[in-house]
There are 4 protein chains.
Amino acid sequence: MTEESLWYPNVRIDPSRPLYEQFCEQMRADIARGALQLGARLPSVRDLAAWLRVNPNTVMRTYQELERGKLLVTHRGQGTFVTDDARIVEESKRDIARQAVAELRARAASIGLTTEQLWLLGQGEG
Amino acid sequence: MTEESLWYPNVRIDPSRPLYEQFCEQMRADIARGALQLGARLPSVRDLAAWLRVNPNTVMRTYQELERGKLLVTHRGQGTFVTDDARIVEESKRDIARQAVAELRARAASIGLTTEQLWLLGQGEG
Amino acid sequence: MTEESLWYPNVRIDPSRPLYEQFCEQMRADIARGALQLGARLPSVRDLAAWLRVNPNTVMRTYQELERGKLLVTHRGQGTFVTDDARIVEESKRDIARQAVAELRARAASIGLTTEQLWLLGQGEG
Amino acid sequence: MTEESLWYPNVRIDPSRPLYEQFCEQMRADIARGALQLGARLPSVRDLAAWLRVNPNTVMRTYQELERGKLLVTHRGQGTFVTDDARIVEESKRDIARQAVAELRARAASIGLTTEQLWLLGQGEG
DNA sequence: GTGGTCTAGACCACA
DNA sequence: GTGGTCTAGACCACG
């Protein structure tokens with residue numbers, strides 16, 4: 001329980017959104033960024049829950065969600081690990097980027113701007 | 001309601017998110033884009049509810065939400081109108097843009113990329 | 001329709017409160033202040049409604065409300081007039097003052113302050 | 001709800017004003033006064049509704065209203081709490097005071113008195 | 001258990 | 001006719 005403190009105190013929790021969702025997002029980003037390395041062992045559900053001071057169910061759900069996306073794998077009796085398949089991590093990273101770009105474009109279109117116009121406007125520029 | 005709704009049939013409803021929230025988003029965009037003009041009268045709560053096939057309370061909540069943001073005003077007994085203050089609309093538009101840009105930047109940072117790198121990656125480019 | 005313009009353009013209408021209520025308040029104050037003098041003739045309901053660009057019912061209700069408080073009197077066929085009884089006006093003025101003071105005291109008590117403390121705090125002083 | 005409500009039996013309900021509005025006012029004052037302490041957990045929506053003998057939606061609306069003003073925060077699955085940020089409470093208190101003072105001044109001006117004159121008159125003094 | 005959303009429908013004040 | 005409030009009760013996601 002020392003290494004996983006990576007991302008706890010840095011996270012700003014938004015009480016209006018599901019906790020597990022925010023944890024997923026954070027962990028996905030940590031893996032994409034390489035802060036959680038390929039094959040790294042994660043703390044147990046109970047330990048992480050205690051550390052984060054949240055309900056173990058919340059952590060469980062986070063792990064399960066990421067397992068569904070193949071980013072995490074659980075070896076029974078050994079614990080939960082980051083995947084050791086670099087392609088999966090790369091694909092996840094690309095997905096995050098794709099979604100972010102798509103989102104920006106959709107927003108621009110919705111208010112009748114090109115992405116360039118939105119970009120300028122969003123920086124405090126008209 | 002006599003005129004056909006600007007935006008209903010075009011909207012894809014995401015059943016996993018609150019209806020009123022999606023309606024708000026849509027209306028904010030419509031106002032920012034100018035599809036709903038300054039001072040325009042909106043359909044009555046009941047009419048729009050019937051048109052959207054939702055409960056009047058859901059529409060009312062949408063209107064009230066936007067009223068709090070000053071984008072709409074309601075005149076007692078007359079109905080609900082788009083604000084006639086262009087500055088408010090401009091500010092709202094800018095807020096949308098700012099938020100979109102901030103979001104993109106945050107995502108880029110979270111996965112350890114510059115915004116340019118994320119942009120390229122998100123378009124299917126490495 | 002020239003003299004009654006006394007109080008129209010100066011009034012900031014709050015669309016979230018009943019119009020007739022705001023008109024009553026304004027007229028009561030105008031009478032208390034002497035801007036509407038004892039015995040003064042008021043515009044007809046229709047004229048004032050046209051001038052204010054509101055529904056005649058709204059003006060009617062305003063007049064009726066003030067008649068109930070004896071501040072206005074209607075002489076059939078002649079129109080509506082401010083009372084010519086100075087005592088009534090004085091009493092109305094005092095009522096306004098009493099209510100304002102009572103309100104301030106109640107507010108102070110509700111947040112656990114003396115009226116003096118509230119007064120200082122409310123001016124931007126701690 | 002296990003503890004008795006701080007404020008219910010003391011409140012005089014004015015049937016001519018929205019319930020949720022009166023509840024908000026009361027709670028704002030209770031928080032400003034310190035009767036509801038920083039970080040205190042509020043009764044659940046259902047419990048308070050049962051206690052007040054109103055519909056849960058009415059209580060929820062009250063909580064949400066105060067949440068928008070940052071005085072309350074709700075932690076998912078845990079309940080609703082008074083903010084633990086003393087500055088927000090202080091600011092709220094100051095707002096109440098400011099509004100009360102501004103109101104008194106406006107009233108005085110509207111009837112052509114100084115605030116001192118209004119104060120004297122309002123206490124039953126000429 | 002918690003809050004949150006939505007529906008259905010009644011009732012009211014205002015214009 | 002308009003919006004606004006309130007009730008009753010169902011259903012859901014979250015922790």
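Below, chains carry the letters A, B, ... as their sequence lines are ordered, and counting in each starts from 1.
- When each of C/P18 and D/Q64 is assigned the nucleotide of DNA chain E bearing its nearest heavy atom, the one mapping closer to the 5' terminus is D/Q64.
- Heavy-atom nearest nucleotides on DNA chain E were determined for B/P56 and for B/G77, and the one closer to the 5' end corresponds to B/P56.
- Atom pair D/Y20:OH and F/dC6:P shows a separation of 7 Å (rounding to whole Å applied).
- Comparing D/R17 and A/L19 along DNA chain F, the residue whose closest nucleotide (by nearest heavy atom) sits nearer the 5' end is D/R17.
- The side chain of B/T74 places no N or O atom within less than 4.0 Å of a non-bridging phosphate oxygen (OP1 or OP2) of F/dG3.
- Dashed line: the shortest gap from a side-chain N or O of B/T58 to OP1 or OP2 of E/dT7 is under 4.0 Å.
- If you run side chain to side chain contact (heavy atoms under 4.5 Å, CB included) between C/L42 and each of C/D47, C/L36, C/L66, only C/L36 comes through.
- A heavy-atom distance below 4.5 Å is found between the side chains of D/L52 and D/F23.
- Nearest to the side chain of D/T80, among F/dG3, E/dG9, E/dG3, sits E/dG3.
- C/T58 and C/V54 make their closest contact through CB-CG2, 4.3 Å (heavy atoms, listed as atom of the first residue, atom of the second, distance).
- In this entry the distance linking CG of D/N57 with C1' of E/dT7 reads 11 Å, nearest Å.
- The side chain of D/N55 has F/dT7 as its nearest neighbour among F/dG15, F/dT7, E/dT5.
- In this entry the distance linking CG of A/D14 with C1' of E/dG4 reads 15 Å, nearest Å.
- Each of E/dC6, E/dA15, E/dG3 was ranked by its minimum atom distance to the side chain of D/M60; first place goes to E/dG3.
- Between D/F23 atom CZ and F/dC6 atom C1' the separation is 11 Å, expressed in whole Å.
- B/R46 has its CZ atom 16 Å from the P atom of E/dT7, to the nearest Å.
- Comparing D/Q78 and B/L42 against DNA chain F, the residue whose closest nucleotide sits nearer the 5' end is B/L42.
- Computed from coordinates, the D/R53 CZ to F/dC6 C1' distance equals 16 Å when rounded to whole Å.
- A donor-acceptor contact closer than 3.5 angstrom is absent between the side chains of D/T83 and D/D85.
- Looking at heavy-atom distances under 4.0 Å, A/V54 makes no contact with the nucleic acid at all.
- Across every non-hydrogen atom of C/A49 and C/P56, the tightest pair is CB-CA, 3.6 Å.
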What would the secondary structure line of DNA chain F be in dot-bracket form, counting Watson-Crick and G-U wobble pairs under 3.5 Å, with [ ] for pairs that cross earlier ones and | for pairs with another strand? ||||||||||||||.

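- Note that CD of D/Q26 is 8.5 Å distant from CD1 of D/I13, once rounded to the nearest 0.5 Å.
- When the P atom of F/dT5 is taken as reference, atom CD1 of D/I13 falls 15 Å away, rounded to whole Å.
- Between the side chain of B/R33 and the backbone N or O of A/S110, at least one donor-acceptor pair lies under 3.5 Å.
- At the heavy-atom level, B/R61 lies under 4.0 Å from the strands shown only through sugar-phosphate atoms.
- The separation between D/L52 atom CG and F/dA8 atom P is 14 Å, rounded to whole Å.
- For the pair D/E65 and D/R68, the salt-bridge criterion is met [side-chain N within less than 4.0 Å of a carboxylate O].
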